[in-house]
There are 2 protein chains.
Amino acid sequence: MSDMIRGYTDTIILAQLLRHDSYGYELNKAVAQASGGLLELKEATLYTTFRRLESAGCIRSYWGDETTGARRRYYAITELGRALYRENCADWQTFKTIIDTLLQGEEEP
Amino acid sequence: MSDMIRGYTDTIILAQLLRHDSYGYELNKAVAQASGGLLELKEATLYTTFRRLESAGCIRSYWGDETTGARRRYYAITELGRALYRENCADWQTFKTIIDTLLQGEEEP
DNA sequence: AAATATACATTGACAGGCGAGGTATCTCCG
DNA sequence: CGGAGATACCTCGCCTGTCAATGTATATTT
């Protein structure tokens, strides 16, 4: 079930941008690589998430000054984005504990 | 963000039914209690999930023989349900590792 | 008689993920 | 030169799972 990913794309992207500014294509590769190829954001998801995060004021974008190759839109995390990231990480820790507890399905003796 | 829960209701329910047959209302309370009140399935979600799992052959239902009080529809996990549960648990372990890795957003030195 | 708890169920809205499709640039190979 | 493939961006529309709202019925408590 790949809708486990639901609700994490935001945080995953924010985590990457926390390291350094990045652009869609690169960020996507970084995520794929960091997850050992197990998880990759789909382009449609990636870009709609960028839009969402930007209009929420969690990231901001600017065009790179490539003199060659395709243009790149870079994204940077904002202070609001950092706050959201911290909150989401805390939520993740809590959630993890809850699910771990709930998934201890043990049969009757 | 409560759409972290997305994709786990199935597994949570299956985990409960693995312990013993149960019915909606009771199962719901059990989950709420087990999670320390931090997570509760909404009734609409609960019942639509029952429908989904049943038509997928992962659970089966039967009416309780209450002589008093409201009628109860009990659910039991099937072999298919057990298989799904095992699979989902494995997925959860994998997913947990991936997210933990990805959320290590460290700033540049 | 009314409120509360138990117990089940459906409808319709909403949001996020994503398949499919599209644009443009640059490099490499034959 | 032409075509394939990588880089790089973007959008439309569908699908699916969650959930607020609403409704039913029974039993107990006040």
Side-chain angles (χ1 to χ4, degrees), chain A residues 1-14 16 21-33 35 38-56 58-59 61-75 84 88 91 95 98-99, chain B residues 1-14 16 21-33 39-56 58-59 61-75 84 88 91 95 98-99:
Chain A
M1 201 75 85
S2 85
D3 65 356
M4 278 188 175
I5 225 262
R6 184 106 167 194
Y8 296 97
T9 43
D10 289 18
T11 319
I12 290 168
I13 288 173
L14 292 175
Q16 291 296 321
D21 290 11
S22 188
Y23 57 95
Y25 201 81
E26 184 191 55
L27 193 146
N28 208 197
K29 297 285 178 197
V31 169
Q33 205 232 312
S35 72
L38 292 171
L39 184 148
E40 69 157 317
L41 305 177
K42 303 302 151 61
E43 290 200 8
T45 306
L46 185 69
Y47 291 110
T48 53
T49 305
F50 278 145
R51 298 284 157 274
R52 189 171 55 242
L53 286 174
E54 186 161 28
S55 51
C58 294
I59 59 176
S61 67
Y62 55 94
W63 287 104
D65 58 352
E66 284 68 49
T67 50
T68 178
R71 80 232 148 109
R72 298 170 178 168
R73 189 198 280 273
Y74 282 85
Y75 294 93
L84 179 61
N88 286 0
D91 283 355
F95 185 72
I98 295 173
I99 299 297
Chain B
M1 200 77 86
S2 86
D3 65 354
M4 275 187 179
I5 226 259
R6 186 104 168 196
Y8 295 97
T9 43
D10 288 19
T11 319
I12 290 169
I13 288 173
L14 292 175
Q16 290 296 319
D21 290 10
S22 187
Y23 56 97
Y25 201 82
E26 184 191 55
L27 192 146
N28 208 197
K29 297 285 177 196
V31 169
Q33 206 232 312
L39 184 148
E40 68 157 319
L41 305 176
K42 303 301 152 58
E43 290 200 9
T45 306
L46 185 70
Y47 291 110
T48 52
T49 305
F50 278 145
R51 297 286 157 273
R52 189 171 54 241
L53 285 173
E54 187 162 27
S55 49
C58 294
I59 60 176
S61 67
Y62 55 93
W63 286 103
D65 58 351
E66 285 67 50
T67 50
T68 178
R71 81 232 145 108
R72 299 171 178 169
R73 188 197 282 271
Y74 283 85
Y75 294 92
L84 179 61
N88 286 359
D91 284 354
F95 185 72
I98 295 173
I99 298 297

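Model, not experiment: these values are computed from the prediction. Each chain gets a letter, A, B and so on, in the order its sequence line appears, and its residues count up from 1.
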Please write out each protein N/O paired with an N/O of nucleotides 27-29 of chain C under 3.5 Å, distance rounded to 0.1 Å.
none

Next on the checklist: Going by side-chain hydrogen bond (donor to acceptor under 3.5 Å, both in side chains), name the residues that satisfy it together with B:Y62, two or more places apart in sequence or in a different chain.
Outcome noted: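 Result, side-chain hydrogen bond (donor to acceptor under 3.5 Å, both in side chains) vs B:Y62: B:D21.
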Item to check | B:T11: side-chain hydrogen bond (donor to acceptor under 3.5 Å, both in side chains) partners, not counting sequence neighbours | outcome: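 Applying side-chain hydrogen bond (donor to acceptor under 3.5 Å, both in side chains) to B:T11 gives B:N88.
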Next on the checklist: Determine whether a donor-acceptor pair (one donor, one acceptor, N or O, separation below 3.5 Å) exists between the side chain of B:R71 and the base of D:dA25.
Outcome noted: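 Between D:dA25 and B:R71, which were checked side chain against base, a qualifying N/O pair under 3.5 Å is absent.
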For [X], enumerate each residue passing the side chain to side chain contact (heavy atoms under 4.5 Å, CB included) test, keeping only those at least two apart in sequence or located in another chain.
X	answer
A:R73	A:R51, A:S61, A:W63, A:Y75
A:E26	A:H20, A:S22, A:Y23
B:K29	B:Y25
A:Q33	none

For nucleotides 20-23 of chain D, print each protein N/O atom paired with a nucleotide N/O atom at under 3.5 Å, atom names and distance only.
none

Checklist entry - Mind checking what makes ring pair (Phe, Tyr, Trp, His ring centres under 6.0 Å) contact with B:Y8, not counting sequence neighbours? => result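 Listed in chain order: A:F95, B:W92.
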Checklist entry - Does B:R52 have any salt bridge (charged side-chain N to carboxylate O under 4.0 Å, His left out) partners at least two apart in sequence or in another chain, and if so, which? => result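 If we apply the salt bridge (charged side-chain N to carboxylate O under 4.0 Å, His left out) test to B:R52, skipping adjacent residues, the hits are B:D10.
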Short N/O separations, protein against nucleotides 2-5 of chain D, under 3.5 angstrom:
none

Checklist entry - When rounded to the nearest 0.5 angstrom, what distance separates CG in A:L41 from OH in A:Y47? => result 11.0 Å
